[in-house]
Structures are given as structure tokens and as C-alpha cells.
K.L.:
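Take a look at the following structure, please.
For ligands, and for the atoms within them, numbers begin at 1 and follow the listed sequence.
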Amino acid sequence: MIYQASVTAPVNIATLKYWGKRDKDLNLPTNSSISVTLSQNDLRTLTTASTSPDFATDQLWLNGKIESLDTPRTQACLYDLRQLRQQMESKDDTLPKLSQYKLHIVSENNFPTAAGLASSAAGFAALISAIAQLYNLPTSWSDLSKIARKGSGSACRSLFGGFVAWEMGTLANGEDSQAVEVAPLSHWPSLKAAILVVSDDKKDTPSTSGMQLTVRTSELFKYRVENVVPRRFDQMKQAILEKDFPQFANLTMQDSNQFHAVCLDSWPPIFYLNDTSKRIIKLVEKLNHDAQKTIAAYTFDAGPNAVIYYDEANESQVLSALYKHYGHVDGWKGAKEEYGSSGEVDKWSGVSRVILTSIGVGPQVTSESLINEAGLPKNAE
Ligand code: DP6
């Protein structure tokens, strides 16, 4: 007897960055953050969680390879989910004792992991929602977000679609550090994103250790969390609720820049932007200058890839400007005919592909399963 459930979960890209922990074990942040959930048509993780009295150990297969579940973060998530299931079982004798069985988890991304896009957020969000579905937990999305947070901070925001806030909370046990919806996808469905995947040879400082170095050593960081983020958090929520693109965009760009400034202010300094990233910043600056209003916003996480937000109403202006320099790389899909035929071409190097996407929904239950009748990954057959 195998019990199973499958869920897909999205990637989210912060517009107000999470950078800094006040508690490393519980993954409690030093500031609140805001993100946009991206469409799962282009970027998503599909996870099947299964359990059976016949399984001998907990096991995870990620993109066809066996991976360890034996990390403190993953163990913390599994422990919480089993506890919640166990509470249900203790109240209702008729329920199968799933909390006592081992888990087989199979997970796949629909985008190349090598692209260096934040896959851990979608990965933990899919893992937590698939097990919650398997266990039939009545838990709210915000409560599940507290479990996902222990896996990876930014993962808590992938439990909602649209516009999402991670409220930092003040309690020492983290019970009020959770994700909440600011506005659903339907509020502003015309928001789009173009991701420029920037080629990079060097290994970035992992975000977990990078942010700890910043907390320990940057003076600018103190100013950021005390004086800048609280004000920006309210302003950005307001801009989203009013669908005020220029205000939303300016705050997004300023916050990306300040995040990279506190990285540079860390000791020894951390650099995530490279020359291509900086060239893209200049390109967006020029685009907005020429348009005489802010029609595009760049943002960069702990790596050189650019995410450019824009409203569909300005799509032709924004994509034509990007196409002029990066039209020769993969990923333009149907947009190629539209932006490729007109205008001059001035090829720039440094970008390996574009991903044209839009804002999307939160985790979705699906009937698509990644495991076979033996409880093993289908693609390993
Ligand atoms: C720059 O969520 O990957 O993308 O909590 O240590 O797993 P851990 O860190 P992670 O950090 C993300 C940092 C960021 C900004 C953001 O997504 O808010």
C-alpha cells in the first residue's frame, strides 16, 4: 500500500530583499521582505511525496539523482510535518499511521538547475506542500510557510501566488515569522518578468554564509535594517495595492542596489554583480530615461542573473531594448518575430539565455506523479 500526493510550487523573486538572520537554526530574519511569485509555466518544482509501511528509509531523488535528506534544515521540516500528522492520528483512531512510515520523495524542476536560479525556494515549498497534502493536514498556508522557512528563508514566500510579504515577527520561537499574501495574482496580472541568465564562472558565496558575514561585519547593514527596510516595506506594499508601477519599480531597484551595497560593505567584501549585471543596470536606466518614466525595474539576488519586471502595457518598449543586445541568445519564443524584425542589433556577450515569464499562482495539487507502483522514481525505470 503506497499513499502519495503531488504538488507543484513556484519560484519567487524578492523586490525587498531578505538578507540577515537573527536566529540561524530557526531561520528568523533581521528584516521583513516582499516578493513576486513567478509563473509555474516557466519555472516550477514538481514534487511527489509518498509513504508506505514497506519503505525502509526516508529517501529523496532530485532531478533523477539521490540526494541526502539528512541535513538539519530538511530534518526540521520533516519533524514538524510528522508532528502535525501525529496530532491528527492521536485524535482519530481510524486514520492510517502515516506519521510512523518512511517517506519517498521525488522532485523535478522544469528549468535547468545549472542556470543558477533560486531553486531552493520552489524546492522546499513543493516539499512542504506535497507532504502536507499527503498527510491531509488542515494547516493554513501561513502556518506551512513557517515550516518552509526552516528549510530556506525565501521558501516561505513561495507558498503564495501574486505578491507576498514575509513578516519578520518578533517572537524568539519564530511563531510569528511567516508569509502572508499582499495581493493575489488577479490584482495585477499584467506584471511580467524577463530573466537574463548571466554566464558566470566563479562560485558565488552561498547566501546563508554571505548574510551571516554581513550581519557580523557591515555597519551599513545596521542602518538598512533599522532605518530603511521598515519604511520601504510599507511603501512597497502600498505601491503594489495601488498598482503604482513607477513607485514599485524604483523601490525594487533601490532595494536591490542597497542589498548589493551591504554585501560590498561586508568584511571581507562579497560581490554578486559582475560586469554584465552592471551593463544591464545601465541598460534599464537608459530605457527608463528614454521613456521619460519608469517602465522597467531590475533586481539581482545572490548572483549575477538579472530579473527585469515590467507591465505588459510597456512590453514592446522593454523587450525591444533587451532584444537589441541579447536577441541572439535562446529563450525568446514567439517574441522573436515581434522584436527581431525591426530595429538595429548591437550584440552584447555575457548572457546565456532569456526566460520571458509573468506573475503566477502558489502551490498547486496535481495528478501528475513522479513515482511508480514500487514507490521509486519513474524516470529511473
Ligand atoms: C538574496 O533564502 O537562499 O535571494 O534562508 O539561508 O536558505 P537561507 O537563504 P535564502 O536567501 C535568499 C536571499 C536573496 C534575497 C531574497 O530572496 O529575499
K.L.:
When you check the gap from the basic side-chain N to the acidic O, do Asp42 and Lys333 get nearer than 4.0 Å?
P.N.:
yes

K.L.:
If you measure from each non-hydrogen atom of Ser154 to ligand 1, which part falls under 4.0 Å: side chain, backbone, both or neither?
P.N.:
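Under 4.0 Å from ligand 1, Ser154 contributes backbone and side-chain atoms.
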
K.L.:
Quick check on Trp166 - does any of its heavy atoms sit under 4.0 Å from an atom of ligand 1?
P.N.:
no

K.L.:
Answer side chain, backbone, both or neither: which part of Ala14 comes under 4.0 Å from ligand 1, heavy atoms only.
P.N.:
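The part of Ala14 near ligand 1 is the side chain, not the backbone.
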
K.L.:
Within ligand 1, which atoms have a heavy atom of Phe259 less than 4.0 Å away?
P.N.:
1 (C)

K.L.:
Using the ring of Trp166 (Phe, Tyr or Trp, six-membered ring only), decide whether Arg149 places NZ or CZ under 6.0 Å from its centre and within 45 degrees of its axis.
P.N.:
no

K.L.:
Identify, by atom number and element, the atoms of ligand 1 in contact range of Arg73, meaning under 4.0 Å from any of its heavy atoms.
P.N.:
6 (O), 7 (O), 8 (P)

K.L.:
Between Asn27 and ligand 1, find which residue part has any heavy-atom pair under 4.0 Å and reply side chain, backbone, both or neither.
P.N.:
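It is the side chain that gets close, since no backbone atom is under 4.0 Å.
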
K.L.:
Is any NZ, NE, NH1 or NH2 atom of the basic residue among Glu226 and Lys222 found under 4.0 Å from an Asp or Glu carboxylate oxygen of the other?
P.N.:
no

K.L.:
With a 4.0 Å cut-off on N to O distance, would you call Lys286 and Asp290 a salt bridge?
P.N.:
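Yes, this pair counts.
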
K.L.:
Starting at CG of Asp255, measure out to CG of Asn31 and round the result to the nearest 0.5 Å.
P.N.:
8.0 Å

K.L.:
Under 3.5 Å between any N/O of Ser152 and any N/O of ligand 1: does that happen in this structure?
P.N.:
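Yes, since at least one N or O of Ser152 sits under 3.5 Å from an N or O of ligand 1.
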
K.L.:
When the ring planes of His104 and Trp61 are compared, do they come out parallel, tilted or perpendicular, using 30° and 60° as the limits?
P.N.:
perpendicular

K.L.:
Assess whether a salt bridge exists between Lys146 and Asp143, defined as any Lys/Arg side-chain N lying under 4.0 Å from an Asp/Glu carboxylate O.
P.N.:
yes

K.L.:
With under 30° as parallel and over 60° as perpendicular, where do the rings of Tyr272 and His260 fit, or are they tilted in between?
P.N.:
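Judged by the thresholds at 30° and 60°, the geometry between Tyr272 and His260 is perpendicular.
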
K.L.:
For ligand 1 and Ser207, I'd like to know whether there is a polar contact (N/O to N/O, distance under 3.5 Å).
P.N.:
yes

K.L.:
Looking at Met211, which atoms of ligand 1 are within less than 4.0 Å of one of its heavy atoms?
P.N.:
9 (O), 11 (O)

K.L.:
Is any N or O atom of Ser33, backbone or side chain, closer than 3.5 Å to an N or O atom of ligand 1?
P.N.:
no

K.L.:
Can you sort out which atoms of ligand 1 are near Gly153, meaning under 4.0 Å from one of its heavy atoms?
P.N.:
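What qualifies from ligand 1 is 2 (O), 5 (O), 7 (O), 8 (P).
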
K.L.:
Ignoring hydrogens, just give me the one of Lys150, Lys21, Arg149, Lys17 whose non-hydrogen atom is nearest atom 6 (O) of ligand 1.
P.N.:
Lys21

